[in-house]
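Please read all numbers here as calculations on a predicted model, not as lab measurements. A, B, ... follow the sequence lines: proteins, then strands. Residue 1 opens every chain.
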Amino acid sequence: MLVTTIVSGLVLGGTYALLAMGLTLQYGIARIMNLAYGETIIAAAFLAYVLFGQLGISPLAALLVAAPLGFVFGYLVYRVMMRPLVARAADRGSLEIDSILATFGLLFVIQGVMLVIFGSNYTSYNYMNVGVDVFGAMIAANRLLALCLALVIGAGLYLALTRTLWGTALRAVAVSPASAPLVGIDVDRAARFAFSIGCGLAAAGGVVISTYQTFTATAGVVFTMKALVVVIMGGVGNIVGALSAGLVLGLVETFVATYVDPGLTLAATYLIFLAVLLWRPSGLFGRSAR
Amino acid sequence: MNLLSRRHMLGALAAATALAGGTFSVALAEEKTSVKIGYALSLTGPNAGGTGITTHPNYQLWVKEVNAAGGLEMPDGKRLPIEVIEYDDRSSTEELVRAVQRLATEDKVDFILPPWSTGYNLAAAPLFDRYGYPHLAATSVTDKAPEFAKRWKKSFWLLGGGHDYTAALARLLVGAADKGTINKKVAMISIADGFGIDLVNAARPSFAEAGLEIVYDKTYPVGTTDFTPMINEAKASGADSFVAFSYPPETFALTQQAQVADFNPKVLYFGVGTAFPIYAKNNGDNINGVMGIGGIDGTSDKIADYRKRHEAATGKVPDYWASVITYASLEILQEAIKRKGLDREAVSAEIASGTFETVLGETKLVDNQLRDLWWAGQWQNGQFVGIAPDDRTGASQPVIPRQAWKK
């Protein structure tokens with residue numbers, strides 16, 4: 001029973017982590033609080049749904065299409081919408097407010113387009129919905145895929161950010177966008193890439209999640225909220241933080257549902273969120289001062 | 001100065017428009033050229049999913065059909081086309097209330113069609129009453145329907161109450177237990193939200209009265225996506241029946257996760273969403289034997305024909321529960337208008353007392369409620385057919401135990 005609970009908790013946490021990693025890049029490095037993040041996830045979910053339902057293309061292949069598309073989308077959004085905001089922002093605070101307002105608008109644009117194309121129905125399909133035995137616990141293969149993807153992306157990004165020059169530059173921008181140019185870093189380029197990768201990750205997450213979760217054109221905000229909780233808990237801009245916070249949340253929810261009461265999972269989520277914030281205001285892996 | 005004069009001009013313009021509008025509406029009252037029908041629905045937001053399946057397509061289908069036939073027939077045989085005024089309440093009851101007020105006081109529509117879901121109909125009911133509009137609540141499940149019908153004379157409650165559904169389910173389970181096909185243990189989960197709370201509160205006494213033993217009874221919050229812990233507990237509880245008073249996203253998730261966990265209770269009963277066409281599409285033959293709320297008469301040609309027209313006109317397949325009730329409510333309204341004209345008082349009285357030929361067959365309301373309903377259904381050969389009450393014409397025989405999930 002305990003092993004089952006741990007395994008299913010980790011798998012649920014994998015989904016949360018997968019959802020949050022893109023946002024943490026966007027918020028942490030590009031300093032853009034992207035409220036349309038969830039809509040990107042949903043758009044990718046619809047893409048996977050159409051590719052699978054109409055053309056019979058497996059969501060795994062859709063992943064290869066959706067992630068680059070998400071990247072390009074993010075690139076364009078940054079170029080067209082965010083660049084002017086960044087250019088005129090006097091400080092971090094005003095950029096945050098401006099980007100929240102701008103992406104709030106973007107949220108409705110994307111949502112509106114999806115409503116027109118797909119309507120407001122519940123959408124879901126079955127893919128890889130078979131049990132896999134993991135240490136005696138039956139886990140759906142599609143959820144396991146989400147966990148694996150989260151771990152692979154998390155590890156890959158962590159290595160890229162800590163071991164490469166490019167990653168070091170990104171981190172430098174995250175720590176101090178004002179001084180990064182002094183050492184020859186193109187802040188604009190770094191932020192653009194972080195934002196685009198974030199959108200690409202959101203798209204990848206959307207494809208995987210669509211294989212097991214029901215979604216509607218208007219459900220994006222739910223994903224944004226969950227991702228935001230994970231991002232803040234893990235420490236803004238920290239990939240390992242998002243990964244571990246996601247897994248912790250999944251474990252807590254599953255343990256509470258199994259040993260306490262399923263009705264308290266939401267309460268437990270916010271309780272642990274609160275506890276982390278009180279104990280470490282900048283998140284599990286966040287720096288204490290920005 | 002310039003600004004001032006412009007403001008004057010604007011004022012004059014507004015006054016002129018108001019005046020023109022006034023005379024215009026007087027002229028309209030003398031000679032009506034159309035019937036204004038208004039509605040506010042959740043076209044966006046969290047409730048858009050349910051509205052988009054059950055309510056909105058039926059309104060579109062009905063308006064399309066009526067207008068294709070030349071319009072609504074009046075008592076004198078003349079036909080007036082329907083003019084639709086549509087608002088989106090964005091899944092907010094405040095917006096809904098504002099929109100209904102607006103329909104009644106500013107748009108001055110002839111009739112208002114109801115919103116989707118129990119809560120939204122309850123929110124709108126006092127307004128329908130205050131402005132004197134008949135309220136055909138086709139998607140509202142409430143045990144207080146008799147009370148509401150007394151309080152708001154022009155309100156009609158067409159989808160029964162929670163207790164009706166749970167009592168019928170209890171009878172069904174006890175019947176099977178008495179035959180020895182299942183044990184009397186029930187594992188039950190429910191969503192901590194409107195529908196789930198109502199149904200589970202009705203189910204506890206219903207099951208207890210029927211002599212069923214509830215061995216697992218938990219609620220889960222809105223937005224729950226992982227049911228593994230609950231499925232494992234239910235599996236360990238030894239109950240032959242698993243009942244979930246769930247909303248569509250969880251109904252779909254539960255179905256998937258029960259298959260993964262190889263969870264095969266002899267009776268599986270899910271809430272809203274079981275009767276949705278997408279449910280069958282996603283799960284194929286595997287859903288045969290799954291029970292749920294609602295159902296249709298699988299033997300009725302009229303309903304089969306309705307389902308075809310619905311799909312042809314809207315491109316969407318209707319659900320197997322409230323869709324057909326919603327359509328029947330529009331037929332009732334149409335026929336009452338044919339008999340009594342646009343007098344809302346007379347139309348309401350006619351809806352309350354008249355007998356109507358609808359897609360459901362001969363339909364008559366009792367104390368402002370529709371009581372001839374399917375309380376439980378089961379997927380059988382690709383159709384979600386009504387199995388309770390078992391003495392109603394067109395009832396199908398329940399299949400217990402259901403087939404195990406096919407791998």
Side-chain angles (χ1 to χ4, degrees), chain A residues 1 4-5 7-9 11-13 15-16 53 108 111-112 115 118-132 137-143 209 211-219 221-222 225-226 250 253-269, chain B residues 41-53 56-57 88 90-91 189-192 218-233 236 247-253 255-257 259-263 272-273 276-279 281-284 286 314-316 405 407:
Chain A
M1 195 68 190
T4 311
T5 313
V7 172
S8 35
V11 171
L12 179 64
T15 301
Y16 293 156
F108 289 104
Q111 196 181 87
L115 273 173
F118 300 104
S120 52
N121 281 350
Y122 294 106
T123 311
S124 74
Y125 61 92
N126 277 4
Y127 180 74
M128 271 173 62
N129 189 43
V130 288
V132 179
M138 278 310 245
I139 299 295
N142 43 30
R143 282 176 181 263
I209 280 164
T211 61
Y212 55 85
Q213 208 159 309
T214 304
F215 53 95
T216 65
T218 49
V221 64
V222 180
M225 282 306 295
K226 204 82 194 190
E253 282 194 13
T254 312
F255 266 89
V256 168
T258 310
Y259 295 108
V260 189
D261 191 303
L264 293 177
T265 47
L266 214 58
T269 300
Chain B
L41 290 177
S42 307
L43 302 178
T44 55
N47 285 345
T51 310
I53 289 176
H56 197 215
D88 177 10
R90 304 201 301 268
S91 298
I189 63 170
S190 55
I191 186 164
K218 296 286 178 191
T219 58
Y220 60 84
V222 178
T224 302
T225 56
D226 184 22
F227 292 90
T228 324
M230 283 168 261
I231 287 177
N232 287 338
E233 295 277 332
Y247 273 140
E250 304 99 53
T251 300
F252 302 153
T255 308
Q256 286 194 350
Q257 290 167 25
Q259 292 177 42
V260 169
D262 212 14
F263 175 49
V272 187
F276 286 179
I278 186 183
Y279 189 70
K281 201 178 131 208
N282 284 345
N283 296 292
N286 242 339
T314 65
K316 291 177 183 169
W405 302 118
K407 290 281 172 184

Inset, instruction - Considering non-hydrogen atoms only, spot the tightest contact between B:Gly50 and A:Tyr122 and give its length. - result: N-CE1, 3.7 Å

Legend entry - Heavy-atom proximity to chain B below 4.5 Å, by part of A:Thr211: backbone

Inset, instruction - Measure the CD-CZ distance between B:Gln257 and A:Arg143 for me, rounded to the nearest 0.5 Å. - result: 4.5 Å

Inset, instruction - Among the options A:Leu264, A:Asn126, A:Val11, pick out the one with the most heavy-atom pairs lying under 4.5 Å from chain B. - result: A:Asn126

Inset, instruction - Look at A:Thr216, A:Leu115, A:Val221, A:Val222 and state which one has the largest set of heavy-atom pairs under 4.5 Å with chain B. - result: A:Leu115

Legend entry - Shortest non-hydrogen separation from B:Pro229 to A:Thr254 and the atoms involved: CG-CG2, 3.7 Å

Legend entry - Any residue meeting side-chain hydrogen bond (donor to acceptor under 3.5 Å, both in side chains) with A:Asn142, in chain and number order, not counting sequence neighbours: none

Inset, instruction - Determine yes or no for a side-chain-to-main-chain donor-acceptor pair under 3.5 angstrom, with B:Asp226 supplying the side chain and A:Leu12 the backbone. - result: no

Inset, instruction - With a 4.5 Å cut-off on heavy-atom pairs, point out which of A:Thr265, A:Thr4, A:Asp261 contacts chain B the most. - result: A:Asp261

Inset, instruction - Over all heavy atoms of both residues, which pair between B:Phe252 and A:Ser124 is shortest? Give the atoms and the distance, please. - result: CD1-OG, 3.9 Å

Legend entry - Which of A:Gly263, A:Ala217, A:Ala267 touches chain B most, by non-hydrogen pairs under 4.5 Å: A:Gly263

Legend entry - Largest heavy-atom contact set with chain A, pairs under 4.5 Å, which of B:Pro248, B:Gly273, B:Gly284, B:Ala192: B:Pro248

Inset, instruction - Check B:Val260 against A:Gly131 and note the closest heavy-atom contact, atom names and distance. - result: CG1-CA, 3.6 Å

Legend entry - chain A contacts, top residue of B:Val222, B:Thr44, B:Thr51 (heavy-atom pairs, under 4.5 Å): B:Thr44

Inset, instruction - Pick whichever of B:Asp262, B:Thr225, B:Ile53 has the most heavy-atom pairs under 4.5 Å with chain A. - result: B:Thr225

Legend entry - Atom pair CZ (B:Arg90) and OG1 (A:Thr218), whose distance is rounded to the nearest 0.5 Å: 13.0 Å

Inset, instruction - Answer with side chain, backbone, both or neither: which region of B:Gln259 has an atom nearer than 4.5 Å to a non-hydrogen atom of chain A? - result: side chain

Inset, instruction - Can you tell which part of B:Thr228 gets under 4.5 Å to a heavy atom of chain A, answering side chain, backbone, both or neither? - result: side chain

Legend entry - Which atoms of B:Ile191 approach chain A - backbone, side chain, both or neither, heavy atom under 4.5 Å: neither

Legend entry - Partner residues of B:Phe276 under the ring pair (Phe, Tyr, Trp, His ring centres under 6.0 Å) criterion, sequence neighbours left out: none

Inset, instruction - Below 4.5 Å from any heavy atom of chain B, which atoms of A:Ala219 appear? Answer side chain, backbone, both or neither. - result: neither

Inset, instruction - Could you grab the distance from atom CG of B:Asn232 to atom OG1 of A:Thr5, nearest 0.5 Å is fine? - result: 7.5 Å

Legend entry - Closest non-hydrogen atom pair between A:Met138 and B:Ala261, with its separation: CB-CA, 4.3 Å

Inset, instruction - Specify the closest pair of heavy atoms between A:Thr258 and B:Glu233, including all atoms of both residues, with the distance to one decimal. - result: O-OE2, 3.5 Å

Inset, instruction - Identify which part of B:Ile278 has an atom lying under 4.5 Å from any heavy atom of chain A, answering side chain, backbone, both or neither. - result: side chain

